[in-house]
Amino acid sequence: MLNKNLNYLIALVWLVNGLFCKVFNLVPRHQEIVETILQVYNGRPLTIAIGLAETGMALWIVSRYKRKLNAITQIVIIASMNILEAIYAPHILLGGKWNGVFAFLFILVIYANQFLLKKRAY
């Protein structure tokens, strides 16, 4: 049951950050981060594309299709995004220097959920 609930919680994080924060632009700071890292003037189309990809990630998680590949993909994306943000846009991050700690904890949750917790069919 824990595995199933964590799976939905992880998907929810991707959905909220992708659809609501980026696509619906409820958190404009996300677009500012995209513009700063990619050094573009109008990052709205790119921010929407990233948000749609994150929304797709949420759907992929819920589908349970190729779960191990999905978990590895999530971990690589989260680590990459946070390294880039820490280097190029630390002044924009909500959590500041703590952002990396939260990202690492999220990576640990994803790893534990996929590779350590006992799986049950649901």
Side-chain angles (χ1 to χ4, degrees):
M1 187 66 158
L2 179 60
N3 182 252
K4 179 180 178 180
N5 290 336
L6 278 176
N7 212 46
Y8 288 128
L9 181 64
I10 292 165
L12 183 63
V13 170
W14 285 99
L15 181 67
V16 167
N17 276 288
L19 188 62
F20 295 100
C21 295
K22 291 181 181 79
V23 174
F24 294 157
N25 201 29
L26 296 179
V27 183
R29 177 177 43 79
H30 286 260
Q31 181 174 326
E32 187 179 353
I33 292 168
V34 169
E35 290 169 348
T36 301
I37 291 172
L38 299 178
Q39 298 181 348
V40 295
Y41 176 70
N42 179 10
R44 187 75 195 120
L46 290 170
T47 305
I48 291 170
I50 293 166
L52 290 173
E54 290 179 351
T55 302
M57 179 65 77
L59 296 173
W60 185 13
I61 293 165
V62 172
S63 77
R64 298 176 27 98
Y65 178 72
K66 296 196 177 195
R67 296 182 324 212
K68 289 182 182 180
L69 176 62
N70 178 275
I72 292 166
T73 302
Q74 288 181 73
I75 290 167
V76 169
I77 289 170
I78 293 165
S80 301
M81 283 188 327
N82 279 274
I83 289 168
L84 289 171
E85 290 170 351
I87 292 169
Y88 296 107
H91 58 287
I92 307 171
L93 301 177
L94 181 62
K97 294 182 181 189
W98 286 98
N99 209 60
V101 174
F102 295 124
F104 181 70
L105 291 173
F106 190 50
I107 287 171
L108 285 179
V109 168
I110 293 165
Y111 179 84
N113 189 49
Q114 180 55 50
F115 298 104
L116 301 178
L117 296 175
K118 183 177 179 182
K119 315 296 177 301
R120 292 183 185 158
Y122 59 88

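Fair warning: this is a prediction, and the values are worked out from it, not measured in the lab. Index from 1, following the sequence.
- Hydrophobic clustering, with ILVMFWY side chains joined whenever heavy atoms are under 4.5 angstrom apart, groups I78 together with I61.
- Nearest heavy atoms, N25 versus R44: CB-NH2, 3.5 Å.
- Between F102 and W98, the ring-plane angle classifies as tilted under the 30° and 60° cut-offs.
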**Study point:** Residues M81, I37; criterion side-chain contact (heavy atoms from CB on, under 4.5 Å); working and verdict
**Key:** CA-CA 10 Å; M81 283 188 327; I37 291 172; over 6 Å; no
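- Atoms CG and CG, from N5 and L12 in turn, are 12.0 Å apart once rounded to the nearest 0.5 Å.
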Exercise for review: For R64 and N7, run side-chain contact (heavy atoms from CB on, under 4.5 Å): C-alpha distance rounded to whole Å, both residues' side-chain angles, the deciding distance at 0.1 Å, then the answer.
Suggested key: CA-CA 9 Å; R64 298 176 27 98; N7 212 46; 4.0 Å; yes
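- Connection of L116 to L69 is established within a shared hydrophobic cluster, with ILVMFWY side chains joined at heavy-atom distances below 4.5 Å, either directly or through further cluster members.
- Separating the CG atom in L2 from the CG atom in L9 is a distance of 10.0 Å, to the nearest 0.5 Å.
- Here the shortest heavy-atom pairing between Y65 and W60 reads O-NE1, 2.6 Å.
- In terms of modelled atom types and a separation under 3.5 Å, the side chain of Q31 and the main chain of T47 share no donor-acceptor contact.
- For T36 against Y88, the heavy-atom pair with the smallest separation is CG2-O, 3.3 Å.
- One distance of note links CD1 of I75 with OG of S80; it measures 11.5 Å at 0.5 Å rounding.
- The closest donor-acceptor contact from the side chain of N99 to the backbone of N82 lies at 3.5 Å or more, if one exists at all.
- To the nearest 0.5 Å, atom CG of residue L117 and atom CG of residue L6 are 6.5 Å apart.
- Between I72 and Q114, the closest side-chain pair of non-hydrogen atoms is not below 4.5 Å.
- Heavy-atom minimum distance, R29 versus I92: CD-O, 2.8 Å.
- When all heavy atoms are compared, the tightest approach of V23 to I48 is CG2-O, 3.8 Å.
- Taking 4.5 Å as the limit, every side-chain heavy atom of L59 sits out of range of all side-chain heavy atoms of W14.
- Hydrophobic clustering, with ILVMFWY side chains joined whenever heavy atoms are under 4.5 angstrom apart, groups I77 together with I110.
- L93 and V27 end up in different hydrophobic clusters when Ile, Leu, Val, Met, Phe, Trp and Tyr side chains are linked at under 4.5 Å.
- Residues A11 and A58 come closest through the heavy atom pair O-CB, 3.3 Å.
- Atom CG of N3 and atom OH of Y8 lie 10.5 Å apart (nearest 0.5 Å).
- With hydrogens and angles ignored, the 3.5 Å screen pairs no side-chain donor or acceptor of N70 with any backbone N or O of K66.
- We find the CD-CD distance between E35 and E32 to be 7.5 Å, quoted to the nearest 0.5 Å.
- No continuous path of ILVMFWY side-chain contacts below 4.5 Å connects L52 to I50, so the two sit in separate hydrophobic clusters.
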